[in-house]
Engineer: 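Can you keep this structure in mind? I'll have questions shortly.
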Amino acid sequence: MSAEALPKTYDPAGTESRWQHAWETSGAFHPDPSAPGEPFSVVIPPPNVTGSLHMGHAFNTALIDTIVRFQRLRGKNVLCLPGTDHASIAVQTILEKQLKAEGQRKEDLGREAFLEKAWEWKAQSGGTIVGQLRRLGYSVDWRRERFTLDAGCSAAVIEAFNRLHEQGLIYRGEYLVNWCPASGSAVSDLEVEMKEVDGHLWHFRYPLSSGAGFLEVATTRPETLLGDTAVAVNPKDSRYAELVGQTLTLPLVGRTIPIVADDHVDAEFGTGCVKVTPAHDPNDFAIGQRHNLPLITVMAKDGSMNEAAGPFHGLDRFEARQAVVAAMEAEGFLVKVEPYRHSVPFSDRGKVPVEPLLSTQWFVKTEPLAARCREALENFDPRFVPERWSKVYRDWLTDIRDWCISRQLWWGHRIPAWFVVSETGGAITDTTPYVVARDESEAMAKAESIYGTGTHAHPLVLEQDPDALDTWFSSGLWPFSTLGWPDADAADLARWYPTSVLVTGFDIIFFWVARMTMMAGALMSAREGSGIPWIPFRDVYIHGLVRDEQNRKMSKSAGNGIDPLLLIERYGADALRFALVREVAGAGQDIRLDYDRKSDTSATVEASRNFANKLWNATRFALMNLGGQTPASLGEPDPAALQLADRWILSRLARVNRETAERYESYGLGEAAKGLYEFAWNEVCDWTIELLKRRLNPGDNPSPEALADQRTARQVLAKVLQELLVLLHPLMPHLSEELWHGLTGEPEGTFLALQPWPALDGAALNDGLEAQFAELIEAIRVVRNLRAVAGLKPAQPAPVQFVTGRGELAQLLQEATADITALTRAESVVVLDPAAAEAARGQRALAGVCGELQVLLPIEGLVDLDALKGRLDKDLAKAEKEIAGLAARLANPNFAGKAPPEVVAECQANLAEAQAQAELARRRLADLGG
RNA sequence: GCGCGAUUAGCUCAGCGGUAGAGCGCCUGCCUUACAAGCAGGAUGUCGCUGGUUCGAACCCGGCAUCGCGCACCA
């Protein structure tokens with residue numbers, strides 16, 4: 001690319017798609033497991049195929065891609081593996097909704113046709129998502145793309161289920177589960193959300209069987225009284241002590257139920273009597289177990305009342321509630337109704353209250369697995385970043401309940417269990433025997449070994465469990481199923497397991513992180529003897545959520561999501577990525593992305609776009625000034641030829657190189673982004689380029705010295721820019737790739753993405769020089785400020801005088817005279833010692849002080865006296881304020897006595913300087929007055 | 001109820017023991033041949049409140065307040 005061909009503003013659209021295409025077709029991110037380099041691997045959290053990606057995914061993507069691109073530059077053998085998740089319940093909900101709109105039910109289609117539709121949906125949604133990920137510039141290996149329901153992942157699920165079952169970690173049984181009537185399936189505890197709702201507390205009287213009165217109970221769910229099998233009181237409650245053991249007659253039903261004593265009951269709450277419905281409430285279930293109470297289920301799986309509900313049979317649970325209350329009132333059992341605000345469990349997906357329902361389901365026995373994970377955590381395995389999330393993880397793994405993994409859904413992994421239905425008259429019942437196997441023939445073999453081969457008239461008949469597995473069961477295998485497990489010899493698995501880091505939001509620590517570690521504990525710990533860790537990732541980097549301008553979590557369901565593509569089209573993928581990463585700071589907090597919904601604009605992303613444009617123009621400047629040369633053809637600058645500004649920026653470059661690498665390495669991504677932004681914009685563009693301009697353009701008939709210096713300036717500019725582009729590449733991959741090619745002239749088949757991280761030039765680091773240069777910058781700023789105060793036109797030259805008694809500073813200014821002239825439009829630059837300045841006293845001049853330096857602009861006749869005085873007054877006030885503070889501190893004997901000597905010394909030095917400043921300002925003011 | 005986080009400039013957020021910072025916004029002046037998506041200059045804060053530790057606290061410790069989140073949950 002030539003300088004002339006470069007437009008003045010950066011247009012991301014074409015550039016980004018071109019490099020995305022080039023990277024992918026060249027296989028740049030398709031690693032070879034046998035290639036050299038320390039392995040570094042990440043499996044991406046697979047997005048659900050429920051439509052399209054939102055800003056949260058873009059955020060996650062930006063973070064992961066920054067990390068893996070950095071590691072690639074560091075020479076690691078990097079695998080970043082993409083994929084999507086089948087999201088069993090979510091997708092099925094979507095599809096059923098679609099069917100409903102067409103007046104159909106999934107049963108009308110049948111399982112096979114329904115699954116066909118689901119796969120069609122997957123193809124469409126998955127395609128959209130993959131397109132979005134590509135558009136972000138994700139440097140993943142698309143050739144290894146996976147889907148949780150693909151053949152490999154499915155084989156892994158079957159194997160995992162079998163092994164866990166063999167280990168006794170999976171069992172089937174009848175328990176109270178969270179039943180979602182909307183989706184007609186059991187869900188896990190994690191898929192239940194407690195919501196505060198305004199309800200009622202109904203107080204009912206239950207008559208004692210003896211006829212000697214009543215007990216009063218209160219409930220938020222009157223319909224469940226039909227299934228009551230006891231009333232409980234606290235054993236220490238003297239009011240009811242003698243009633244324990246007696247019985248009541250359950251109203252409407254007429255059943256005789258006992259009064260039991262149980263610690264769970266809070267005597268202080270309400271009347272101290274609790275109706276007990278073991279088949280419809282988890283606490284009551286526990287009470288029922290302790291007291292051997294019968295379980296009476298009064299509700300069907302669709303949320304309606306069943307036969308056991310007698311006259312209420314067929315009513316929906318909420319209709320039944322009203323009907324039961326009415327009946328109770330009619331019979332005189334209703335005491336009162338109070339408004340009552342309480343928590344109700346809702347199904348995450350179905351958006352309806354879940355029903356605790358007795359049901360036969362498959363479970364994972366979690367405690368042994370959780371214990372193993374807790375133990376590993378003692379050794380910081382995995383290591384959470386920020387560390388505080390490890391406590392959240394550990395707490396959840398403590399007192400964990402068994403995990404219900406079966407779902408009455410079609411879309412998902414069908415449970416690899418076969419019922420021997422010939423033993424139970426051809427139907428699957430709760431007592432039908434079953435075998436767990438890898439496939440039907442293995443199941444048959446297993447069944448035959450137990451039940452015999454059957455007879456011709458009564459053959460052994462198997463039927464696979466119709467239910468599917470919880471999606472998170474397969475997601476839990478993701479870090480190893482994607483690498484080839486259960487094939488123990490899989491090259492990818494051998495090379496890249498355990499993965500290096502898992503990057504995900506704190507909202508799925510339980511869903512995913514903990515499930516993955518538990519699954520790995522059961523399935524990968526066999527490798528323990530080999531010395532390879534089984535925990536599926538070394539680090540877990542937890543990030544926050546993207547929130548909208550009103551601080552709400554961005555989500556599709558809330559309708560406040562922002563389509564990342566909208567911002568990408570407007571500002572470019574790099575700008576969006578940079579904006580997202582730059583907002584990340586500190587300890588995994590949420591980030592707020594400002595966004596104007598009316599205009600679809602974002603000031604934050606726009607600022608990043610402007611930064612991209614700044615880099616574009618800096619490179620454009622270089623191309624116009626390197627005389628057609630490249631960094632390689634120019635070569636490294638000769639250290640002996642370097643000027644002050646050269647040595648400064650090279651020192652800064654080396655420091656930024658080191659800092660940036662450290663920040664990328666330690667997940668300080670936001671800091672890395674901010675640091676590079678400041679370095680590039682302020683130090684490279686505002687100072688270095690401005691300082692180099694003069695030397696890059698030596699004018700007509702330049703001297704040999706000027707030509708040599710031009711070459712040095714070109715070398716410095718080329719080196720700084722090229723290195724900066726590498727450091728920025730993880731954050732702005734497309735732009736940096738484009739500019740790097742422009743700068744280096746490398747052919748398309750070579751990629752910045754695969755270059756080595758620039759070696760740290762330790763010799764260039766120079767603290768003293770950087771401090772000195774900061775003084776020079778300050779001096780120039782003071783001059784510019786004085787000019788602005790005086791109202792000088794920018795183009796108008798003015799003489800500049802510096803006064804300082806510090807020889808070293810004087811020498812620095814002397815050396816930089818040409819630079820100062822260029823950057824301050826100085827007519828002349830003179831450096832005086834205080835004695836010489838004394839002789840020149842009385843001249844009309846603008847004066848300013850900075851540190852031990854006095855800056856004078858003697859511009860007779862042009863001076864606005866008031867402005868001049870104002871400036872000096874300001875300087876004086878500032879110095880006096882500082883003097884007051886420092887003097888007070890030093891006057892405190894405790895300070896001198898207890899503070900570290902270097903702090904005291906610094907304080908004294910600062911005081912002396914402030915006093916000198918104040919003195920200078922006073923004398924100048926006096927001069928003006930006279 | 002238990003736990004976690006936040007509270008700093010108009011906005012979004014850094015800073016986490018030694019005299020308060022950035023970006024955006026705002027004010028002033030500039031189309032200076034890299035960039036007006038820009039350049040130069042400037043203003044802006046009892047660092048939530050309250051005790052304590054310390055020579056010294058935005059920073060450490062105790063309490064309180066407000067907001068947010070997670071877990072648990074009493075019918």
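Everything numeric here is computed off the predicted structure, so don't read it as measured data.
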Engineer: Looking only at heavy atoms, which two atoms of A:G848 and A:D875 are closest? And how far apart?
Structural biologist: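 The answer is CA-OD2, 3.6 Å.
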
Engineer: When you measure from the side chain of A:R388, which nucleotide among B:C4, B:C30, B:G23 comes out closest?
Structural biologist: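 Per side-chain heavy atoms of A:R388, the pick is B:C4.
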
Engineer: With RNA chain B as reference, determine whether A:A622 or A:R592 sits nearer its 5' end, using the nearest nucleotide of each.
Structural biologist: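 First, find each residue's nearest nucleotide; the 5'-ward one identifies A:R592.
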
Engineer: NA contact type, A:K878, heavy-atom cut-off 4.0 Å: base, sugar-phosphate, or nothing?
Structural biologist: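 Answer is nothing: A:K878 stays at 4.0 Å or more from every strand.
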
Engineer: Kindly say if A:Y10 contacts the phosphate of B:A34, meaning a side-chain N or O under 4.0 Å from OP1 or OP2.
Structural biologist: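 False: A:Y10 side-chain N/O out of range (4.0 Å or more) of B:A34 OP1/OP2.
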
Engineer: So what does A:K391 touch, heavy atoms closer than 4.0 Å: a base, only the sugar-phosphate, or nothing?
Structural biologist: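 Counting heavy atoms under 4.0 Å across all strands, the contact made by A:K391 is with sugar-phosphate only.
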
Engineer: Pick base, sugar-phosphate or nothing for A:A795, based on heavy-atom distances below 4.0 Å to the nucleic acid.
Structural biologist: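 Contact class for A:A795: none.
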
Engineer: Just by modelled atom types, is the A:P794 backbone N or O under 3.5 Å from a matching donor or acceptor in the A:R787 side chain?
Structural biologist: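 Indeed, once roles are kept as given, a pair shorter than 3.5 Å links the two residues.
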
Engineer: Has the side chain of A:N234 got a donor or acceptor atom that lies under 3.5 Å from a matching backbone atom of A:D266?
Structural biologist: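 Pair absent, no side-chain N/O of A:N234 close to backbone of A:D266.
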
Engineer: Could you work out which one of B:G18, B:C30, B:G23 sits closest to the side chain of A:A607?
Structural biologist: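 The listed nucleotide nearest to A:A607's side chain is B:G23.
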
Engineer: Would you say A:K614 places a side-chain N or O within less than 4.0 Å of OP1 or OP2 belonging to B:C39?
Structural biologist: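 Yes, such a contact exists.
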
Engineer: Does A:P900 reach a base, just sugar-phosphate, or nothing at all? Heavy atoms under 4.0 Å.
Structural biologist: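 The residue A:P900 makes base contact.
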
Engineer: Indicate yes or no for a side-chain donor-acceptor contact from A:R239 to the backbone of A:A267 under 3.5 Å, with no hydrogens or angles considered.
Structural biologist: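 Yes.
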
Engineer: Under 3.5 Å, is there an N or O donor on one side and an acceptor on the other linking the side chain of A:K8 and the base of B:C35?
Structural biologist: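 No, no donor-acceptor pair under 3.5 Å.
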
Engineer: I want to check one thing: is the phosphate of B:A37, taken as OP1 and OP2, less than 4.0 Å away from some side-chain N or O of A:R609?
Structural biologist: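 For B:A37, OP1/OP2 do not have a side-chain N/O of A:R609 under 4.0 Å.
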
Engineer: Does any donor atom in the side chain of A:Y340 or A:D198 lie under 3.5 Å from an acceptor atom in the other side chain?
Structural biologist: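 No, A:D198 and A:Y340 have no side-chain donor paired with an acceptor closer than 3.5 Å.
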
Engineer: Output the single nucleotide from B:A75, B:A34, B:C55 whose closest atom is nearest the side chain of A:F895.
Structural biologist: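 For A:F895, the side-chain atoms sit closest to B:C55.
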
Engineer: Under 4.0 Å: is that the gap between some side-chain N or O of A:K898 and OP1 or OP2 of B:U54?
Structural biologist: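 No, no such contact exists.
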
Engineer: Look at the side chain of A:N617 and decide which nucleotide, out of B:A34, B:A75, B:G23, has an atom nearest to it.
Structural biologist: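 Selected nucleotide: B:A34.
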
Engineer: Does A:R787 reach a base, just sugar-phosphate, or nothing at all? Heavy atoms under 4.0 Å.
Structural biologist: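 Nothing, no nucleic acid heavy atom in range.
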
Engineer: Using a cut-off of 4.0 Å on non-hydrogen atoms, how would the nucleic acid contact of A:V392 be classed: base, sugar-phosphate, or nothing?
Structural biologist: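 Since no nucleic acid heavy atom lies under 4.0 Å of A:V392, the category is nothing.
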
Engineer: My understanding is that only residues two or more places apart in sequence, or in another chain, count here; which of them pass ring-ring contact (aromatic ring centres under 6.0 Å, His included) with A:H734?
Structural biologist: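 With sequence neighbours excluded, A:H734 shows a ring-ring contact (aromatic ring centres under 6.0 Å, His included) to A:W23, given in chain and number order.
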
Engineer: Can you identify which nucleotide, out of B:A34, B:A22, B:A37, has its nearest atom closest to the A:I689 side chain?
Structural biologist: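 Of B:A34, B:A22, B:A37, B:A34 is nearest to the side chain of A:I689.
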
Engineer: Given atom CG of A:N892 and atom C1' of B:G18, what is their separation to the nearest angstrom?
Structural biologist: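 The answer, rounded to whole Å, is 14 Å.
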
Engineer: Between the base of B:A40 and the side chain of A:R784, is there a donor-acceptor distance below 3.5 Å?
Structural biologist: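 Side chain to base: no pair present.
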
Engineer: Check the orientation of A:F506 and A:W389. Use parallel for under 30°, tilted for 30 to 60°, and perpendicular for over 60°.
Structural biologist: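 Plane angle under 30°, so parallel.
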
Engineer: Using a cut-off of 4.0 Å on non-hydrogen atoms, how would the nucleic acid contact of A:V265 be classed: base, sugar-phosphate, or nothing?
Structural biologist: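 Base contact.
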
Engineer: Does a nitrogen or oxygen in the side chain of A:R401 sit under 4.0 Å from OP1 or OP2 of B:A72?
Structural biologist: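 Answer is yes, contact under 4.0 Å.
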
Engineer: Looking only at side-chain atoms of A:R582, point me to the closest of B:A22, B:G18, B:G5.
Structural biologist: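 The listed nucleotide nearest to A:R582's side chain is B:A22.
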
Engineer: Which word best sums up how the rings of A:W396 and A:F510 line up, parallel for under 30°, tilted for 30 to 60°, or perpendicular for over 60°?
Structural biologist: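 Because their plane-to-plane angle is under 30°, the rings of A:W396 and A:F510 count as parallel.
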
Engineer: Measuring only the C1' atom in each nucleotide, how far is B:C69 from B:C35? A whole number of Å is fine.
Structural biologist: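 Those two atoms are separated by 43 Å.
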
Engineer: Measure the distance from CG on A:D189 to P on B:C73 and round it to the nearest whole Å.
Structural biologist: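 Rounded to the whole Å, the gap is 9 Å.
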
Engineer: When the C1' atoms of B:G23 and B:U19 are considered, how many whole Å apart are they?
Structural biologist: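 Rounded to whole Å, the distance is 24 Å.
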
Engineer: Would you mind writing out the side-chain donor-acceptor pairs for residues 879-907 of chain A within the sub-3.5 Å range, not counting sequence neighbours?
Structural biologist:
unit_1 : atom_1 : unit_2 : atom_2 : d
A:E880 : OE2    : A:R922 : NH2    : 3.3
A:N892 : OD1    : A:N894 : N      : 2.9

Engineer: Report the distance from atom CZ of A:F578 to atom P of B:C24, rounded to the nearest whole Å.
Structural biologist: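 After rounding, the gap between these two atoms is 12 Å.
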
Engineer: In terms of side-chain heavy atoms of A:M194, which of B:A75, B:C39, B:C73 is nearest?
Structural biologist: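 Nearest to the side-chain atoms of A:M194, counting from C-beta on, is B:C73.
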
Engineer: Mind checking the C1' distance from B:C49 to B:A6? Whole angstroms is fine.
Structural biologist: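 Straight-line distance between the two C1' atoms is 16 Å.
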
Engineer: Among B:G18, B:A22, B:U12, which nucleotide sits nearest the side chain of A:E583?
Structural biologist: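 Selected nucleotide (nearest to the side chain): B:U12.
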
Engineer: Heavy atoms only, 4.0 Å cut-off, all strands: where does A:Y571 land among base, sugar-phosphate and nothing?
Structural biologist: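 No contact.
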
Engineer: Test your reading of the model: is there a side-chain donor-acceptor pair from A:T271 to the backbone of A:E216, 3.5 Å cut-off?
Structural biologist: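 Yes; judged by distance alone, with no hydrogens or angles, the pair exists.
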
Engineer: Just to confirm, is there a sub-4.0 Å distance from OP1 or OP2 of B:C39 to any side-chain nitrogen or oxygen of A:W681?
Structural biologist: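 It does, given that an N or O in the side chain of A:W681 lies less than 4.0 Å from OP1 or OP2 of B:C39.
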
Engineer: Using a 4.0 Å heavy-atom cut-off, does A:T219 contact any base of the nucleic acid, only the sugar-phosphate backbone, or nothing at all?
Structural biologist: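 Contact class for A:T219: sugar-phosphate only.
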
Engineer: Using Watson-Crick and G-U wobble pairs whose two distances are both under 3.5 Å, how do you write the pairing of RNA chain B as dot-bracket, with | for links to another strand?
Structural biologist: ((((((((.[[[[.)..(..]]]].(((((.......))))).....[[[[[..)....]]]]])))))))....

Engineer: Determine the interatomic distance between P on B:G21 and the same-named atom on B:A65; round to the nearest Å.
Structural biologist: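 Between the two P atoms, the distance is 34 Å.
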
Engineer: Looking for any heavy atom pair under 4.0 Å, which part of the strands does A:N625 touch: base, sugar-phosphate only, or nothing?
Structural biologist: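 The residue A:N625 makes no contact with any strand.
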
Engineer: Which part of the nucleic acid does A:C685 contact within heavy-atom distance under 4.0 Å: base, sugar-phosphate only, or nothing?
Structural biologist: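 Here A:C685 touches the bases of the nucleic acid.
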
Engineer: Output the rounded distance in Å from CG (A:L567) to P (B:A37).
Structural biologist: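 After rounding, the gap between these two atoms is 19 Å.
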
Engineer: So if I take every side-chain heavy atom of A:R547 and compare against B:G42, B:C35, B:C69, which nucleotide ends up nearest?
Structural biologist: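 Of B:G42, B:C35, B:C69, B:C69 is nearest to the side chain of A:R547.
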
Engineer: Touch check for A:L593, heavy atoms < 4.0 angstrom, all strands: base, sugar-phosphate only, or nothing?
Structural biologist: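 The residue A:L593 makes no contact with any strand.
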
Engineer: Counting side-chain heavy atoms from C-beta on, which of B:U19, B:C71, B:A75 comes nearest to A:F510?
Structural biologist: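 Within the option list, the nearest is B:C71.
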
Engineer: Check every strand shown and say whether A:E690 touches a base, only sugar-phosphate, or nothing at a heavy-atom separation below 4.0 Å.
Structural biologist: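 Base contact - A:E690 has a heavy atom under 4.0 Å of at least one base atom.
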
Engineer: Hey, is the side chain of A:N610 poking within less than 4.0 Å of OP1 or OP2 on B:G38, counting only N and O atoms?
Structural biologist: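 Looking at the OP1 and OP2 atoms of B:G38, one of them is under 4.0 Å from a side-chain N or O of A:N610.
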
Engineer: Just to be sure I understand the rule, does A:F611 reach a base, reach only the sugar-phosphate, or reach nothing, if contact means heavy atoms closer than 4.0 Å?
Structural biologist: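 A:F611: no heavy atom of the nucleic acid under 4.0 Å.
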
Engineer: Ignoring hydrogens and geometry, is there a side-chain-to-backbone donor-acceptor pair from A:Y206 to A:V231 under 3.5 Å?
Structural biologist: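 No, the answer is negative, given that no donor and acceptor are paired below the 3.5 Å cut-off.
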
Engineer: What distance, rounded to whole Å, do you find between the two C1' atoms, one in B:A36 and one in B:C59?
Structural biologist: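 My reading of the C1' atoms in B:A36 and B:C59 gives 41 Å.
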
